[in-house]
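This report refers to the structure that appears directly beneath it.
Note on naming: letters A, B, ... go to the chains in the order of the sequence lines (proteins, then strands), and numbering restarts at 1 for each one.
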Amino acid sequence: MRPQSSKGTRDFDLIQVSRRNYVIELLRKAFQTFSFNPLETPSFENIETLMGKYGDEGDRLIFKILRSGDFMKSVSDKSNPKIKEIADKALRYDLTVPLARYVSQNSGKLSFPYKRYQIQPVWRADRPQKGRYREFLQCDADVVGSDSLWQEVEMIDLYSFAFQSLGISIEININNRKILAGIAEICGIENRLIEFTVVLDKIEKIGEEGVISELTEKGFSLKEITKLKPAFRSFENLNESIAFLKDWLNKSEQGCRGIEELEFVIKRVKDSGILKLNVSLARGLNYYTGCIFEVNALNVDIGSVGGGGRYDNLTAMFGLENISGVGISFGLDRIMLCLEDLNLLPDDIIQFCDVVIVRVDESSSDNGYKIAQELRAIGVSVDYYPDIVKIKKQFDYAEKRGASHVIIFESENDQDQIRVKNLMTGESYHMNRKELLIYFQELKN
RNA sequence: GUGGUUGUAGCUCAGUUGGUUAGAGCGCCUGAUUGUGGUUCAGGAGGUCGUGGGUUCGAGACCCAUCUUCCACCCCA
């Protein structure tokens, strides 16, 4: 059996784990600063909880878990069984639907608005690609149970806070689903809103001509497309774009409401300079109903590093009506790529061991181990080399472990002459037990 | 799900139109050298050439299937 990790999954070694933890801790801190509380939900849910929430495409990508026992017995058509006959659980596909389930299930004991953050892996049976895996960590913050636009304001402030702490310069594209609905209304295609937005969302990638040809392909008429054309325009200036939209959509009540919402938010966020109104921004998930955002890192070509928006009635499918929420997500894998590209990862975040204890023969084994115990008691990370092998090999080992010091017990060594070598400087000292403890104590501080 | 791409020693890769015992660098092991690891030298181990079929006198090279990698779609994060 050849060792091989499963498609679209990764192992993380010491360095990668350290770096990821560094980022996760900063995100956690940002979430806590904005008073979100942690929530963790199980890796799998009942299959009905997840199926049908992400569209047909989503259903296909959900990892389903086979029923236990001899479930095939009760399958009617064995050559073509129904999913629910053979699978009753599924791995979570995102963190939003489990949140909706949790909030609905616990609505009695939660106080609203309920603010939670959640950092957990999710699974998608997608075909892997650059920065896209079948198992990846999502970092979400959501607030549910308030219609207030202040929530949007806070979410954007949270984005700037978090990315600032990571040292990443960003711009946030912002739009409002109501504006998109308004555009559809003005152009007389309100019944094809989702189709239209999915295509419009690609404009950055495929350009105006691409969008036009794809819309044509989908059966939009030339007249409709001509009417839609103002949506392809992009503006550098927020006020300019708002003025334009106000004029264009003044006949659409919904569109006007969308613009008002945007204005409210834009006026109040801390760094409105990073906001960019982008009418073509739609975001795939069609449960969004209000403001939507997408975060792009500047100075690096990595795509979006986060996104989110307002959704109404996400809990309705679980029987809890009239609950509105805003959620944002941080794409950890993309953020890691971005930090690597920009060289923003500090190198002192990797937790190597501090000291390796080596010895020449068994005569110093007990003394050596005692030192290990004493050093550990004062919080030093100690590796006690277990075997008596050539000193060269033990030194090589220590260096590979990233240890900053080696403590050497030579056969003639008595307790008062313990040799300590600093691998960073190459300096070597002799000291007794007490001095040694003090030396490392000071190093810790 | 569609179309392409990749897979040779622990790592990075060579391997010429199918033809003898499949190579290099780094790493690893052993021994010397360097006054206790980091230098230098010498020697050595390690590959069913992703896996399974097939074509052929002969396959790492060709064909099919499968797994994996990366990429573009679809979709999305």
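- In this entry the distance linking CZ of A:R60 with P of B:G1 reads 7 Å, nearest Å.
- If you take CD of A:Q129 and C1' of B:G3, they are 12 Å apart, rounded to a whole angstrom.
- Applying the 3.5 Å distance criterion, the base of B:U2 shares a donor-acceptor pair with the side chain of A:R127.
- Of the nucleotides present, B:G31 is the one that pairs with B:C41 by Watson-Crick or G-U wobble criteria, both distances under 3.5 Å.
- Between the CZ atom of A:R132 and the P atom of B:C76 there is a distance of 10 Å, rounded to whole Å.
- At whole-Å resolution of the value, NZ in A:K7 and C1' in B:C71 are 14 Å apart.
- Checking A:S329 against A:D140 by side-chain atom types alone, a donor-acceptor pair falls below 3.5 Å.
- Test A:R132, A:R134, A:R60 against A:D126 for side-chain hydrogen bond (donor to acceptor under 3.5 Å, both in side chains) and you get one pass: A:R132.
- Looking at A:D312, A:T315, A:N313 one by one, the single match for side-chain hydrogen bond (donor to acceptor under 3.5 Å, both in side chains) with A:S324 turns out to be A:D312.
- Under a cutoff of 6.0 Å and an axis angle of 45°, A:R10 and A:Y133 form a cation-pi pair.
- B:A59 and B:G46 are spaced 24 Å apart, taking the P atom of each and rounding to whole Å.
- Nucleotides B:U69 and B:G7 place their P atoms 14 Å apart, quoted to the nearest Å.
- A side-chain donor from one of A:E427 and A:Y429 sits under 3.5 Å from a side-chain acceptor of the other.
- Out of B:A77, B:U68, B:G1, the shortest distance to the side chain of A:R124 is found at B:A77.
- For A:R124 and A:Y93, the positive end sits near the middle of the six-membered ring, less than 6.0 Å away and at most 45° from its axis.
- A:Y133 comes within contact range of at least one nucleobase, with a heavy-atom separation under 4.0 Å.
- A cation-pi arrangement is found for A:R192 relative to A:F220, the charged atom lying closer than 6.0 Å to the ring centre and inside a 45° cone about the ring normal.
- Comparing B:C63 with B:G1, their P atoms are spaced 24 Å from each other, to the whole Å.
- For A:K205 and B:A72, the shortest distance from a side-chain N or O to OP1 or OP2 is not below 4.0 Å.
- Look at CG on A:D59: it is 16 Å from C1' on B:C74, rounded to the nearest Å.
- Across all strands shown, B:U12 is found opposite B:A24 as a Watson-Crick or G-U wobble partner, with both distances under 3.5 Å.
- With both ends at atom C1', the span from B:G47 to B:U2 equals 36 Å, rounded to whole Å.
- B:C64 and B:U55 have their P atoms separated by 15 Å, given to the nearest Å.
- Backbone-only engagement by A:G8 is indicated by non-hydrogen atom pairs under 4.0 Å involving sugar-phosphate atoms exclusively.
- Between A:L91 atom CG and B:A77 atom P the separation is 18 Å, expressed in whole Å.
- With hydrogens and angles ignored, the 3.5 Å screen pairs a side-chain donor or acceptor of A:D94 with a backbone N or O of A:T96.
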For nucleotides 28-44 of chain B, just jot down a letter per nucleotide in 5' to 3' order: B, S or -, based on protein non-hydrogen atoms under 4.0 Å. SS-S----BBB------
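- With P as the reference atom, B:G37 and B:U30 are 15 Å apart, rounded to whole Å.
- Between B:C49 and B:A24, the distance separating the two C1' atoms is 16 Å to the nearest Å.
- For the side-chain contact (heavy atoms from CB on, under 4.5 Å) with A:L339, the lone residue among A:L342, A:L337, A:I335, A:N343 that qualifies is A:I335.
- Both A:L61 and A:T9 lie near RNA chain B, and the one whose nearest nucleotide falls closer to the 5' end is A:T9.
- Of the nucleotides present, none pairs with B:U5 by Watson-Crick or G-U wobble criteria with both distances under 3.5 Å.
- Nucleotide B:U66 is matched to B:G50 when pairs are restricted to Watson-Crick or G-U wobble geometry with both distances under 3.5 angstrom.
- Taking for each of A:E214 and A:S329 the nucleotide of RNA chain B with the nearest heavy atom, the 5'-most of the two is the partner of A:E214.
- Rounded to the nearest Å, the gap between the P atom of B:G60 and that of B:A42 is 33 Å.
- Distance A:D126 CG to B:U68 P: 14 Å, rounded to the nearest Å.
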